[in-house]
Amino acid sequence: QVQLVESGGGLVQAGGSLRLSCAASGRTSNYYAMGWFRQAPGKEREFVAYISWSGTSTYYTDSVKGRFTISTDNAKNTVYLQINSLKPEDTAGYYCAADSRHELGTRTANYDYWGQGTQVTVSS
């Protein structure tokens, strides 16, 4: 099993920035990629970005391209999501997830392990 713990969320004014972290522990050698998803109240959980642990593959949903950056620190078993130019519509719980099957997908079903989430709230 892999345990994932997100941190770094908070209340930020529109236009501000946050850096979210997801620390992984357990059988980390058994997963191949990490994803970030977000879920706003009353909405389905939606894909944000993924990255392979090798760093050779990244992908972002259109709404965050140019503003969000996903990265890893392999020595710390941590994945980051740098969020710039925050908009009120970015307000959501942000969740990291681990892909053990090298699917590099954008659906929740592509991921095997999930963290508890960290809240990002953007004020106007």
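Quantities reported herein were computed from a predicted structural model and do not represent experimental measurements.
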Checklist line | NZ or CZ of R19 within 45° of Y80 ring axis and under 6.0 Å | finding: yes
Next item on the list: Would you mind reporting whether L18 and Q82 have side-chain heavy atoms less than 4.5 Å apart?
Entry: no
Notebook entry, point to check: So do L20 and V120 actually touch side chain to side chain, heavy atoms under 4.5 Å?
Noted result: yes
Notebook entry, point to check: Should the pair F47 and Y50 be assigned to parallel (<30°), tilted (30 to 60°) or perpendicular (>60°) ring geometry?
Noted result: tilted
Using residues 64-73 as the side-chain source, report each donor-acceptor pair under 3.5 Å to any protein atom, sequence neighbours left out, with the distance given to one decimal.
| from | atom 1 | to | atom 2 | distance (Å) |
| --- | --- | --- | --- | --- |
| K65 | NZ | D62 | OD1 | 3.0 |
| R67 | NH1 | S85 | O | 3.0 |
| R67 | NH1 | D90 | OD2 | 2.7 |
| R67 | NH2 | S63 | O | 3.1 |
| R67 | NH2 | D90 | OD1 | 3.0 |
| R67 | NH2 | D90 | OD2 | 3.4 |
| T72 | OG1 | N74 | OD1 | 3.1 |
| D73 | OD1 | A75 | N | 3.2 |
| D73 | OD1 | K76 | N | 3.4 |

Notebook entry, point to check: Is there a donor-acceptor pair closer than 3.5 Å between any side-chain N or O of D99 and the backbone N or O of L104?
Noted result: yes
Show me the side-chain donor-acceptor pairs of residues 6-17 shorter than 3.5 Å, one per line, residues at least two apart or across chains.
| from | atom 1 | to | atom 2 | distance (Å) |
| --- | --- | --- | --- | --- |
| E6 | OE1 | Q116 | N | 3.0 |
| E6 | OE1 | G117 | N | 2.8 |
| E6 | OE2 | C96 | N | 2.8 |
| E6 | OE2 | G117 | N | 3.3 |
| S17 | OG | N84 | OD1 | 2.9 |

Next item on the list: Supply the atom-to-atom distance S100 OG to Y32 OH, rounded to the nearest 0.5 angstrom.
Entry: 7.0 Å
Checklist line | Where W114 and T108 come nearest, the two heavy atoms and their spacing | finding: CZ2-O, 3.5 Å
Notebook entry, point to check: Looking only at heavy atoms, what is the nearest atom pair of V2 and A24, with distance?
Noted result: CG1-CB, 4.3 Å
Check: Can D112 and R101 be said to form a side chain to side chain contact (heavy atoms under 4.5 Å, CB included), step by step?
Finding: CA-CA 8 Å; D112 306 294; R101 293 167 286 183; 2.7 Å; yes
Next item on the list: Grab the two heavy atoms, one from C22 and one from W36, that are nearest each other, plus how far apart they are.
Entry: CB-CZ2, 3.7 Å
Note to self: On a heavy-atom basis, which atom in G115 and which in Y95 lie closest, and how many Å separate them?
What the structure shows: O-CD2, 3.6 Å
Note to self: To check you understand the geometry: which heavy-atom pair defines the closest contact between S124 and P88, and what is its length?
What the structure shows: OG-CG, 3.8 Å
Checklist line | Side-chain heavy atoms of T106 within contact of E46, under 4.5 Å | finding: no
Margin query: If you define the side chain from C-beta out and look only at heavy atoms, does anything of Y59 sit under 4.5 Å from I51?
Written below: no
Notebook entry, point to check: To the nearest 0.5 Å, how far apart are CD in E89 and CZ in R38?
Noted result: 8.0 Å
